Structure formats: C-alpha cells, structure tokens
2 protein chains.
Amino acid sequence: MATALGEGSLSRVERKERTRRAILDTALDLSADTSLVAVSLRQVAKEVGIVPTAFYRHFASIEALGLELVDESFVSLRAVLRDVRRPDPSLKQLIDGSVDVLAEHVEARRAHFGFIARERVAGPPAVREAVRHQIELVERELATDIARIPGTEAWASDDLRVLSRLMVTSMVATAEALILAARPEMTQDIKDQARTQLRMVLVGALNWKSQG
Amino acid sequence: MATALGEGSLSRVERKERTRRAILDTALDLSADTSLVAVSLRQVAKEVGIVPTAFYRHFASIEALGLELVDESFVSLRAVLRDVRRPDPSLKQLIDGSVDVLAEHVEARRAHFGFIARERVAGPPAVREAVRHQIELVERELATDIARIPGTEAWASDDLRVLSRLMVTSMVATAEALILAARPEMTQDIKDQARTQLRMVLVGALNWKSQG
DNA sequence: AGACTGAGAGTACAGACGTTCACTGAATCG
DNA sequence: CGATTCAGTGAACGTCTGTACTCTCAGTCT
C-alpha cells in the first residue's frame, strides 16, 4: 500500500491535486486582467508548465474550471457573513465591524472577490448563471441574519429582501472599490465611505416601519 | 458638387457613416453575450458584411471602437439624469418618477446600459478605465442635483458624495436587473423593489443630519 | 514481481486570429 | 472630362486556438 515516500516526492493523488490547484490559481490570476472568457486553455497550460492536452485530465473545459472557481469564491464571500454574525448582534458596533471584516476578507481573498464581480456580468454563460444563483442565496442568507436582529421582527419579508439586496449590492461594490484601490490610504477612504453608506442605509431601514 | 443622387444611392460620406454605424451596432450586439474582450475584429466584419481589413478604415482596433461605444452609452445614461431632473423637484413624486424614467430609458437603450455594466469590470483596460471615469462624472453630476433639492443645503459634501455613489450603484444594479428580466411581469417586480430601495435610502438620508 | 493505471508528453491538424500589402472602381473634385 | 481620393477587396503571413490521437513511465495494486 503506502510505500514510504521520499520527503520531496509526493503520492500520485497529491501530485494530481497539486497540478489541479495550480490550474485553478493560474486561471484565476489570468482572468483578473479582463474576464475568464478571454482566458485560453493553452495560456493556462503554458503558465502552469504542462502541455495543453494535459489540461483535460483535470477539467473538461475552461467553463467547467470556472464553475469550480465560483464555488471557491463563494466560500470566501460566505466567510464574510459568518464573521460578521459572530460578535454580539448589537447594531451600533456591528456597522464598523462589518466594514472591517469585509475589508480583511477582501484583502485575504482579493482574487475571489474580483472574480465574483467580473464573472457575474461578463463570464462564460454558465459561470455567469452560477454566480448569480449564488448571490441570490447569499442575499437570502443575509435576510435571515437581519431578521434575527432585535427590532426587525415585525418587518415584511419583501422589505427584508429589498434591504438585504441593497446591502449585498453595495457590499460587492465596496469590495470592488477595495480591490481597485492602489494605495493603502485610499483603502481607509473607501472604508469610511462604506461605513457612512451602511449607516445611511440602516438609518433608513430603522425608520422604515413608520413610513407605511 | 452635389451630383443628383438616385433615391436608393447615397453619397460617399453617407455610405461610410452607414458602415461605421453598422460596425458599432454589431460590436455592441456581439459584446452582449460576454464582453467586448471576447469580440474579434473578424467576427464584426463578417457580421457587418465587409472584409476584415475594411474594418481599419473606421477604427484602429476593437479597443478604439469600444471607447466610442463608451461615449454613446453614457449619452444614454446621462439622459436618465436629465429626464429625472426635468419635473419639479418635489421629493415625494420624484422617487416613483425616477424609477419609471430609468426603466423607460433602459428599455429604449438596453444595449447601452448592459455595455456599461459589463465593460466597467470586464472590458479592455482602456475601455474599463473610460467607463469608470464617466461613472465618476455621473456621480458628481447627481451630487450637484441632489444639493439643489430643498432640505439638503446644509449637507457635508462628503455625505453628498456617499449618497450619490450609493444611488448610482443601485441605479446600475437596477438597470442590470431590468435587462436580465425575461418576462414583463418581472419588470414590474424589479421596479417595485427599486422604488422601495430608493425610498429606504432617502429616508436614511433625510434622517441623516440628526445622527451626527 | 508483475500487471495496471493514469498524469503528462509529443505530434498533428484545421480553423480563427490580427495585420500587411497591392488592388479596384465608383464617387468626388478641379 | 480627366485626375484624385478612398471605402472596400482579396491574397498572404505568422501566430494562437481547441482538440484528436498515440506514447511513456512512475506510482499503485494484487
């Protein structure tokens, strides 16, 4: 069974997984310049250091690879929701915290957030579809999170959906701005603006019921 | 000078302009499937019905063509602001009106709004840059519009920018949703949601000063 | 130890790509 | 009317694309 492996050498499955990861990472990297639709199988193969045909041992097509990247990227996005909901749900400090959490995750998984923003509107059809579906799920997830916050129990579910949609939209927009930010000082500006934006939205939402 | 032209025939400049338009329209149409980066010069030429090399008589590259499309598209976007600001600036009916105006313009210039949404994040570098710059200008334009509304005179200019940015972001998101909407009944839903969203944001903004 | 499996190599092909160049012929100009 | 201009033609180029095949040979299983 397990032949003792030399320290530098890897088992067959490990080697395969290693190449697979390299392909995924390379494709993610190359797509950052424009979109996954502009990435060719041969480009990826060359960058990874394998022959073009070897690509097929791992993925049936660039599009299939893209669907995998969608899953990975949304793990990163959901992690934001998870970390936001971790601390006590006091609304005051939740705002500042949320923006920081988002910024940290964007910093750590820059490529994933960029991928979502791009491929949502300009990816291969199947990938675009997958991203949109995932975003809808995230919107729902956020809606149930909000519903758990004291003071929002009586909200209409439609209003809840509108609010969570608005928050996800501006969350993606903020992530996009953070990715684009060249210098660290800009990052601080964007975070401040995002905080103000989020406060405005929540002030609106809290005064919402009285509107009718 | 002007030789009498047969009814069906056109002058030389008219012919050239006609081809030029066909190229622009075709490129806009083809890019709708993914992004302008995935559109080739030869594809466009074939669709228009000219030989590939004739393309160069009109544009130096697909990228240059794209910059032209950016200008055209933002004429369509600015038209929304113009039509929104036309009626009296009473805040109540401004909300309902704005969403309708946006929906009408998106319906009429579907391709332009889609182009902006896509190429902003996934176009050729120069095109992306141009779109972003134009969006920033539109944000500023909207900010000065808002500043003219009674009751917002005392706002900090930073807050004004944050609000207008938020509004443009959700405006683009709404346009995107409207374009994607397959059936007309969905359009009504999206418009309702956009109205609620806009109201929420404005309720927030109006109660903003008291926050400090 | 011998058989088997499968990731990757290598070769090959047909088609699409951007770009070059010399050309044609109808509209325009003097 | 003769000279000029220029949008569109057509052939040719070198490069890149996805995909089909056969082959190799190290890691694995029995």
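Values reported hereafter were calculated over all heavy atoms of this structure, with side chains retained and with hydrogens, waters and symmetry mates removed. All values reported here derive from a predicted model rather than from experimental measurement.
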ask   = Can you find a heavy atom in the side chain of A:Arg132 that is under 4.5 Å from one in the side chain of A:Glu136?
value = no
Rounded to whole Å, please give me the gap between [atom1] in [X] and [atom2] in [N].
X       : N      : atom1 : atom2 : result
B:Lys16 : D:dC6  : NZ    : P     : 8 Å
A:Arg12 : C:dC4  : CZ    : P     : 14 Å
B:Arg21 : D:dA7  : CZ    : P     : 17 Å
B:Leu10 : D:dA7  : CG    : P     : 15 Å
B:Arg15 : C:dA27 : CZ    : C1'   : 10 Å
B:Glu14 : C:dA26 : CD    : C1'   : 15 Å
A:Arg18 : D:dG27 : CZ    : P     : 13 Å

request  = Give, ordered by number, those residues of residues 32-66 of chain B having at least one heavy-atom distance below 4.0 Å to an atom of DNA chain D; if nothing qualifies, reply none.
outcome  = B:Ile50, B:Val51, B:Thr53, B:Ala54, B:Arg57, B:His58
Acceptor/donor pairs from residues 47-70 of chain A side chains to any protein atom, 3.5 angstrom cut, sequence neighbours excluded:
residue	atom	partner	partner atom	Å
A:Ser61	OG	A:Glu63	N	3.4
A:Ser61	OG	A:Ala64	N	3.2
A:Glu68	OE2	A:Arg20	NH2	2.9

Which residues share a side chain to side chain contact (heavy atoms under 4.5 Å, CB included) with A:Val75, sequence neighbours left out = none
message = Quick one, B:Arg161 with A:Gln193, criterion side chain to side chain donor-acceptor pair (under 3.5 Å). Give me CA distance, side-chain angles, the key distance, then yes/no.
response = CA-CA 9 Å; B:Arg161 279 306 294 282; A:Gln193 287 192 15; over 6 Å; no
task = Measure the CG-CG distance between B:Leu102 and B:Asp83 for me, rounded to the nearest 0.5 Å.
result = 11.0 Å
ask   = Can a salt bridge be assigned to the pair B:Asp100 and B:Arg195 using a cut-off of 4.0 Å between side-chain N and carboxylate O?
value = yes
